[in-house]
> 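Can you read through this structure? Questions will come right after.
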Amino acid sequence: MMKYGVLGLSVIVIACIVVIYFFSEMFVTIETGEKGIIFYKFGGGLDKKEVLGQGLHTLAPWNTCFVYDTRIQESGEEMEVLASNGLSILLDLSYRYSPIPEEIGYLHEEIGEDFHRRIVIPEIRSSTRKVIGKYLPEELYSTKREVIQEEIFHQTDAAIKKKHIKLDALLIRSIKLPETIKVAIESKLKQEQESMEYEFKISKEKKEAERKRIEAQGIKDFQNIVSEGISDKLLRWKGIEATQELAKSQNSKVVIVGNGKDGLPVILGRD
């Protein structure tokens, strides 16, 4: 009787464990920033089209739910590449990426959860080598840095989108060149800067000289116009008008008519 009691208790305990296990497998929680897909073991395999959003979901205990973090993730890559002249350059890249949420079913089927190592890193390296190979070290070091950065970004993004991943941003954090090349490039850039400053000063002086020439020409033209409009008769008339105004004043004076220069009256008097 004791044996049957112990056996029955064991069966109950095992049954409880099995129920708890299957019960726990029937629920899955998708956290914020995550997406899920279900593999139906007895019903057609992986459902690539239906993507589970955040929250609590139920599923049969024999099915499996795969959860992907779809938030933007950041990583970096340090690599050695060759410029167009064959010079070795050490680049330090920083980039942000994420799986395309509505395509994680296809991502899981074609690549799997290790998509960063298998797809993103190789494509970053491949695009970087292709782009850098078209430019000289001094272009990468100075004038074309942003252009090169954009080219690497667009090439990588186009490649990984075919694999259901997107690139959010890419940045060249640092560039390391051999010291002799670095010094030569910096010296060249300094000379170019000094040349630009010199040309700017010359241009400025030319503009100032042109401004002064225009100003002098304007003054000359004004004087020519004024001198052409002034005649002896006009000056005599203006003199007569001025004499009339002075004669109207209350101060004592003597007006001598006909003895002044050019026939104008002479006014003698004091305040």
> Measure from the side-chain N and O atoms of D157 to the backbone N and O of L167, and report whether any donor-acceptor pair falls under 3.5 Å.
yes

> Do L46 and I100 share a hydrophobic cluster (ILVMFWY, side-chain heavy atoms under 4.5 Å, transitive)?
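No; I100 is not reachable from L46 via cluster members.
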
> Where do S88 and E80 land on the side-chain hydrogen bond (donor to acceptor under 3.5 Å, both in side chains) test, with the steps shown first?
CA-CA 7 Å; S88 179; E80 189 173 349; 2.3 Å; yes

> Can we call the ring centroids of F27 and H57 under 6.0 Å apart?
no

> Indicate yes or no: at least one non-hydrogen side-chain atom of L107 is less than 4.5 angstrom from one of I165.
yes

> Where do K176 and I89 land on the side-chain contact (heavy atoms from CB on, under 4.5 Å) test, with the steps shown first?
CA-CA 6 Å; K176 295 181 181 178; I89 300 172; over 6 Å; no

> State, yes or no, whether a side-chain contact exists between M79 and R129 at a heavy-atom distance under 4.5 Å.
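SC-SC contact between M79 and R129 confirmed.
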
> Transitively linked via ILVMFWY side-chain contacts under 4.5 Å: I121 with Y97?
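Shared cluster, yes.
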
> Treating Q149 as the side-chain partner and L171 as the backbone partner, does any N or O pair qualify as donor plus acceptor under 3.5 Å?
no

> Quick check: is L93 connected to I175 through a chain of hydrophobic side chains (ILVMFWY, heavy atoms under 4.5 Å apart)?
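Same cluster.
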
> If you group Ile, Leu, Val, Met, Phe, Trp and Tyr by side-chain heavy-atom gaps below 4.5 Å, do I111 and V120 land in one group?
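Yes, one cluster joins them.
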
> Evaluate the ring planes of H108 and F66, with Trp represented by its six-membered ring, and classify them as parallel (under 30°), tilted (30 to 60°) or perpendicular (over 60°).
tilted

> Closest approach of F153 and L170, non-hydrogen atoms and distance?
CD1-N, 3.9 Å

> CD of Q73 to CG of D168: how many Å apart, nearest 0.5 Å?
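It comes to 11.5 Å.
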
> Quick one: do K134 and E151 satisfy salt bridge (Lys or Arg N to Asp or Glu O under 4.0 Å)? Show the steps, please.
CA-CA 11 Å; K134 301 188 298 181; E151 281 192 44; 2.9 Å; yes

> Tell me, do D114 and R117 make a side-chain contact under 4.5 Å, heavy atoms counted?
yes

> Kindly determine whether R213 and E210 satisfy salt bridge (Lys or Arg N to Asp or Glu O under 4.0 Å), including the steps that lead there.
CA-CA 5 Å; R213 187 192 68 78; E210 180 66 14; 2.8 Å; yes

> When rounded to the nearest 0.5 angstrom, what distance separates OG in S84 from CG in L136?
3.5 Å

> Determine, for E110 against K163, whether the closest basic-nitrogen to carboxylate-oxygen distance falls under 4.0 angstrom.
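Salt bridge: no.
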
> Identify whether the distance between the nearest side-chain nitrogen and carboxylate oxygen of R211 and E208 falls below 4.0 Å.
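Looking at R211 and E208, the cut-off is met.
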
> Quick one: pull up CD in E113 and CZ in R118 and give me the separation to the nearest 0.5 Å.
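One finds 11.0 Å between CD of E113 and CZ of R118.
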
> Please lay out, stage by stage, how Y95 and E74 fare under the test side-chain contact (heavy atoms from CB on, under 4.5 Å).
CA-CA 6 Å; Y95 55 91; E74 184 176 8; over 6 Å; no

> State, with a plain yes or no, whether a side-chain heavy atom of L52 is found less than 4.5 Å away from one of E50.
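Answer yes - side chains close enough.
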
> Quick one: closest heavy-atom pair of D69 and P99, and the distance?
O-CG, 3.5 Å

> For residues 28-36, please give each side-chain donor-acceptor pair under 3.5 Å, one per line with the distance, not counting sequence neighbours.
| residue | atom | partner | partner atom | Å |
| --- | --- | --- | --- | --- |
| E34 | OE1 | E31 | N | 2.9 |

> Mark yes or no for whether S98, through its side chain, and I72, through its backbone, hold a donor-acceptor pair below 3.5 Å.
no

> To the nearest 0.5 Å, how far apart are OG in S174 and CD in E78?
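Nearest 0.5 Å value for the OG-CD distance: 6.5 Å.
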
> Quick one: are Y68 and F115 in side-chain contact, heavy atoms under 4.5 Å?
yes

> Find the distance between CD1 (I124) and CD (Q155) and round it off to the nearest 0.5 Å.
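Separation between the atoms: 11.0 Å.
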
> Given the rule that I, L, V, M, F, W and Y join up when any side-chain heavy atoms are under 4.5 Å apart, are L91 and V147 in one cluster?
yes

> Between E109 and K48, is the side-chain contact (heavy atoms from CB on, under 4.5 Å) condition met? List the steps.
CA-CA 8 Å; E109 182 178 67; K48 298 184 290 292; 3.3 Å; yes

> P122 and I119: which non-hydrogen atoms are nearest, and at how many Å?
CD-O, 3.3 Å

> Can you see which heavy atom on I172 is nearest to which on R145, and at what distance?
O-NH2, 2.8 Å

> Rounded to the nearest 0.5 Å, what's the gap from CD on E123 to NZ on K162? Could you check?
8.5 Å

> Do I132 and I148 pass the side-chain contact (heavy atoms from CB on, under 4.5 Å) test, and can you show the C-alpha distance, the side-chain angles, and the key distance before you say yes or no?
CA-CA 7 Å; I132 297 299; I148 293 169; 3.6 Å; yes

